[in-house]
Amino acid sequence: MAEVKLTAEARNDFGKGAARRLRREAKVPAVVYGHGAEPKHIAIDSHALMMALKTPNALIRLEGEGGGELVIPKAVQREAIRRFLVHVDFLAVKKGEKVAVELPIQTEGELAPGGNLLEHVLNTLPVEAEATHIPESVTVSVAGLEAGQSVLAKDIVLPAGVSLAVEDDAVVLQVVAAQAEAPAEEAAEGEGEEA
């Protein structure tokens, strides 16, 4: 995954008022944690940060007064209705360092015929990977799976250098049989009998 460069400004004002002022200036308040250092409070251009966060587990190089620092997003807060960025927590990382992240799960292939449904028990797969080599997602083949079958975490092929951070026998996907609804006439008859 390529790293994205963003400019970060140190900030000294805290609280709701200061955060609102930053957002009016099209900036997002953020904090960088990690490596036992004191948290660093920064502000980043909101549009540039929003574009960088379109990729899950984006590797970001924050350029600022103190030089560059590699980070990954750990907690992203968005406004509930308009979905603009409110605050971001970053985790400082180093090349070669392993980090725990959650990868989006993508499926490929068609289920066995018969109107079966695919249920995502986990929407993301917890893994450990080197901070500078985090895959964007994992792809799971569901081709030919029938009702009652499932895909376990240990069944997923992971890229080199990536290991599971969840139990091997954790169910990730399962196939369930579609349930037929009772015909409308039978439902109406049942209601009349109760009265």
Side-chain angles (χ1 to χ4, degrees), residues 1-107 119-140 153 158-159 162-166 170 172-173:
M1 174 184 303
E3 64 184 54
V4 178
K5 291 184 181 177
L6 296 176
T7 303
E9 303 170 13
R11 62 185 176 98
N12 298 317
D13 293 340
F14 307 106
K16 287 183 183 179
R20 287 187 185 124
R21 277 192 298 280
L22 279 174
R23 290 186 202 105
R24 279 195 300 269
E25 296 170 7
K27 295 179 183 170
V28 178
V31 179
V32 178
Y33 299 97
H35 300 135
E38 286 290 317
K40 296 178 195 166
H41 299 273
I42 57 174
I44 302 172
D45 177 71
S46 62
H47 180 64
L49 182 56
M50 180 187 67
M51 296 307 288
L53 294 177
K54 286 193 181 283
T55 303
N57 302 313
L59 182 64
I60 299 172
R61 179 171 294 281
L62 295 175
E63 301 285 341
E65 301 158 5
E69 181 173 27
L70 283 177
V71 297
I72 58 172
K74 282 314 267 184
V76 178
Q77 297 173 18
R78 295 182 183 271
E79 197 270 338
I81 296 172
R82 292 177 284 167
R83 306 297 297 155
F84 62 81
L85 295 171
V86 174
H87 188 274
V88 179
D89 287 341
F90 291 108
L91 177 65
V93 296
K94 295 178 181 171
K95 291 184 189 260
E97 178 181 21
K98 290 264 189 179
V99 293
V101 294
E102 294 191 3
L103 300 179
I105 299 169
Q106 298 180 348
T107 58
E119 179 183 359
H120 285 257
V121 178
L122 297 177
N123 290 323
T124 57
L125 184 66
V127 298
E128 274 194 356
E130 186 182 331
T132 55
H133 295 92
I134 300 172
E136 288 187 26
S137 63
V138 291
T139 303
V140 180
L158 297 172
V162 178
S163 60
L164 287 174
V166 68
V172 178
L173 303 167

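Reckoned from all heavy atoms, side chains included, excluding hydrogens, waters and symmetry mates.
Ser46 contributes a side-chain N or O that, together with a main-chain N or O of Ala26, makes up a donor-acceptor pair within less than 3.5 Å. Side chain of Arg23 to backbone of Val86: a donor-acceptor contact under 3.5 angstrom is found. Side-chain atoms of Asn57 come within 3.5 Å of backbone N or O of Glu102 as a donor-acceptor pair. Glu79 contributes a side-chain N or O that, together with a main-chain N or O of Ile81, makes up a donor-acceptor pair within less than 3.5 Å. Of the possible polar contacts, one joining the Glu130 side chain to the Gly96 backbone as a donor-acceptor pair under 3.5 Å is found.
Nearest heavy-atom pair, Ala48 versus Leu6, reported as atom, atom and distance to 0.1 Å: CB-CD2, 3.6 Å. For Ala58 against Pro73, the heavy-atom pair with the smallest separation is O-CD, 3.1 Å.
Just one residue in the list Lys5, Lys40, Arg61 forms a salt bridge (Lys or Arg N to Asp or Glu O under 4.0 Å) with Glu69, and that residue is Lys40. Results of the side-chain contact (heavy atoms from CB on, under 4.5 Å) test with Ile42 over Val88, Val71, Val32 single out Val32 as the only residue that passes.
Heavy-atom contacts from other residues, nucleotides or ligands closer than 6.0 Å to CD of Glu25 number more than 12.
Annotation: side chain of Glu9 is in contact with side chain of Lys27 (closest heavy-atom distance under 4.5 Å). The side-chain heavy atoms of Val31 and Arg11, taken from C-beta on, include a pair separated by under 4.5 Å. No side-chain heavy atom of Ile105 sits less than 4.5 Å from a side-chain heavy atom of Asn123. No side-chain heavy atom of Thr139 sits under 4.5 Å from any side-chain heavy atom of Thr107.
Of the charged side-chain nitrogens involved, none lies within less than 4.0 Å of a carboxylate oxygen, so that Lys98 and Glu128 do not count as a salt-bridged pair.
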Quiz item: Is there a side chain to side chain contact (heavy atoms under 4.5 Å, CB included) between Val172 and Val140 once you walk through the steps?
Solution: CA-CA 10 Å; Val172 178; Val140 180; 5.5 Å; no
Ile134 vs Leu103, side chain to side chain contact (heavy atoms under 4.5 Å, CB included): CA-CA, chis, key distance, verdict:
CA-CA 9 Å; Ile134 300 172; Leu103 300 179; 4.0 Å; yes
Using the side chain to side chain contact (heavy atoms under 4.5 Å, CB included) rule, take Leu164 and Leu158 through it: C-alpha gap first, then chi angles, then the decisive distance, then the call.
-> CA-CA 8 Å; Leu164 287 174; Leu158 297 172; 3.9 Å; yes
What's the verdict on side chain to side chain contact (heavy atoms under 4.5 Å, CB included) for Leu53 and Leu85, showing C-alpha distance, side-chain angles and the deciding distance?
CA-CA 10 Å; Leu53 294 177; Leu85 295 171; 4.0 Å; yes
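One finds the NZ atom of Lys74 at 12.5 Å from the CZ atom of Phe90 (value rounded to the nearest 0.5 Å). Met50 CE to Ile44 CD1: the interatomic distance, rounded to the nearest 0.5 Å, is 13.5 Å. Taking CD1 of Ile72 as the start and CG of Leu59 as the end, the distance is 8.0 Å to the nearest 0.5 Å. Taking CG of Leu62 as the reference point, atom CG of Leu49 lies at 9.0 Å (rounded to 0.5 Å).
Scanning for side chain to side chain contact (heavy atoms under 4.5 Å, CB included) contacts around Lys94 gives His35, Glu97, with sequence neighbours left out.
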